[in-house]
Amino acid sequence: MSPLDEYARKRRFDKTPEPRGKVASRQRRRFVIQKHRASALHYDFRLEADGVLKSWAVPKGPSLDPAAKRLAMEVEDHPVEYGSFEGIIPAGEYGGGTVMLWDTGTYEPETDDVGKALRAGELRFTLHGKKLKGGWVLVHTDSRRWLLIKRKDATASRTVDITTAKPRSVVSRRLLAGIARDAGGDVAKAATGDP
Ligand code: MN
């Protein structure tokens, strides 16, 4: 049993450019958000912990408004190598569509044991990303459902919609359509995820 079994089972690595990856031994505190135009647009929020990327799919993306509680559906752990992936997943494969590295950086949890806090259902942390900064909290509600909430601080905003204000890749500056075009993907479908 590996924490990456579900990840590997869902994918055919001879068909998709996504990394197979393995559980990392070196402990870092990286975070990544991948904007993913699959069957529906969502933002995959990933925090490095216990050698993998703990992952949630956020349909509406993050909000800087502390009053907005964004649904975050827990999904399978991803390998740390996934945090560098931007490109297309072929149509017909699991998650088929376009993936953008929307934000990257490090995070500081308020506890030393992130895995334990997640199992207890609440993690408070500070993000040091290119787009997202300051205090955030992930709160478990039921089953695979969590809420991603911005905490009240100087980096909160009731007026800025960060997903439309900052729609480009942090590594390539491309929009989804540009990523799809460069990789021979479905440009029209990808474009529906761009503002
Ligand atoms: Mn996804």
Side-chain angles (χ1 to χ4, degrees), residues 1-59 61-62 72-107 109 113-119 123 125 127 129-132 138 143-144 146 148 168-187 189-190 193:
M1 272 286 285
S2 155
L4 295 175
D5 284 349
E6 185 180 350
Y7 171 84
R9 197 165 58 241
K10 286 178 167 171
R11 291 169 175 82
R12 299 192 288 178
F13 295 106
D14 57 336
K15 297 283 198 292
T16 177
E18 296 164 289
R20 171 177 281 281
K22 54 183 188 304
V23 177
S25 51
R26 184 161 154 253
Q27 193 68 261
R28 297 177 311 169
R29 294 265 161 79
R30 185 176 181 198
F31 91 92
V32 58
I33 300 177
Q34 282 156 319
K35 185 175 181 180
H36 186 186
R37 179 64 178 92
S39 49
L41 179 68
H42 59 274
Y43 292 73
D44 288 301
F45 184 75
R46 312 190 197 278
L47 296 174
E48 184 171 354
D50 298 336
V52 296
L53 295 175
K54 298 289 179 184
S55 297
W56 295 260
V58 184
M73 296 297 291
E74 189 181 340
V75 298
E76 75 274 18
D77 294 344
H78 281 50
V80 170
E81 292 92 330
Y82 206 92
S84 305
F85 178 70
E86 177 173 276
I88 62 159
I89 301 169
E93 298 305 308
Y94 182 74
T98 304
V99 177
M100 171 199 291
L101 280 165
W102 186 80
D103 200 13
T104 57
T106 60
Y107 76 101
D113 195 336
V114 172
K116 185 179 173 191
L118 291 173
R119 287 189 293 278
L123 180 70
F125 52 94
L127 292 181
K130 293 195 171 79
K131 294 176 183 173
L132 300 189
L138 269 167
S143 171
R144 286 182 166 252
W146 294 66
L148 176 65
R168 290 178 182 272
S169 164
V170 290
V171 294
S172 69
R173 309 304 303 161
R174 294 177 296 181
L175 293 171
L176 284 166
I179 295 166
R181 185 178 302 115
D182 292 348
D186 186 336
V187 178
K189 179 186 171 189

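Hydrogens, waters and symmetry mates play no part in the numbers below; they use all other heavy atoms, side chains included.
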Between K131 and I33, is the side chain to side chain contact (heavy atoms under 4.5 Å, CB included) condition met? List the steps.
CA-CA 10 Å; K131 294 176 183 173; I33 300 177; over 6 Å; no

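- G95 and A38 make their closest contact through O-CB, 4.0 Å (heavy atoms, listed as atom of the first residue, atom of the second, distance).
- When side chains are defined from C-beta on, L127 does not count as touching D103, because their heavy atoms never get closer than 4.5 Å.
- Remark: side-chain polar atoms of K15 are not paired, donor with acceptor, to backbone N or O of G92 under 3.5 angstrom.
- The only option from W146, Y43, F31 that meets the ring-ring contact (aromatic ring centres under 6.0 Å, His included) definition with W56 turns out to be W146.
- Taking both residues in full, the closest heavy atoms of R168 and R173 are given as NH1-O, 2.8 Å, listed atom of the first, atom of the second, then distance.
- Annotation: side chain of Q34 is in contact with side chain of L101 (closest heavy-atom distance under 4.5 Å).
- Side chain of R30 to backbone of G83: a donor-acceptor contact under 3.5 angstrom is found.
- With a 6.0 Å radius and a threshold of 12 heavy atoms from other residues, nucleotides or ligands, K22 has its NZ atom at or below the threshold.
- When all heavy atoms of P109 and R29 are compared, the closest pair comes out as CG-NH1, 3.5 Å.
- Ion pairing between a basic and an acidic side chain is recognised when a charged N comes within 4.0 Å of a carboxylate O; E76 and R9 show no such pairing.
- Listed here is the closest heavy atom pair of I88 and A183: CD1-O, 3.4 Å.
- Side-chain contact check for Y94 versus T16: every heavy-atom pair is 4.5 Å or farther apart.
- Atom CZ of R20 has 12 or fewer heavy atoms from other residues, nucleotides or ligands within 6.0 Å.
- In this structure, NE2 in H36 is found 12.5 Å from CD in E86, a value given to the nearest 0.5 Å.
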Could you walk me through whether W102 and L132 pass side chain to side chain contact (heavy atoms under 4.5 Å, CB included), step by step?
CA-CA 10 Å; W102 186 80; L132 300 189; 4.1 Å; yes

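- Classification of the Y82-Y7 ring pair by plane angle, with boundaries at 30° and 60°, yields perpendicular.
- Between the side chain of D77 and the backbone N or O of L4 there is no donor-acceptor pair closer than 3.5 Å.
- Taken to the nearest 0.5 Å, the CE atom of M100 stands 5.5 Å off from the CG atom of L175.
- In this structure a side-chain-to-backbone donor-acceptor pair under 3.5 Å is present from Y107 to E48.
- Not a single donor-acceptor pair under 3.5 Å links the side chain of E18 to the backbone N or O of F85.
- Between the CG atom in L176 and the CZ atom in R37 there is a gap of 9.0 Å [rounded to 0.5 Å].
- Between E6 atom CD and M1 atom CE the span is 9.5 Å, to the nearest 0.5 Å.
- Between K54 and V114 the shortest side-chain heavy-atom distance does not fall below 4.5 Å.
- Nearest heavy atoms, V171 versus S169: N-OG, 3.1 Å.
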Check against side chain to side chain contact (heavy atoms under 4.5 Å, CB included), L138 and L47:
CA-CA 11 Å; L138 269 167; L47 296 174; 4.1 Å; yes

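- The two residues Q27 and G51 come nearest to each other via the heavy atoms OE1-N, 3.9 Å.
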Go through the steps to decide whether T98 and K189 satisfy the test side chain to side chain contact (heavy atoms under 4.5 Å, CB included), and finish with yes or no.
CA-CA 9 Å; T98 304; K189 179 186 171 189; over 6 Å; no

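- In this structure, the side chain of R144 engages the main chain of E74 through a donor-acceptor pair within 3.5 Å.
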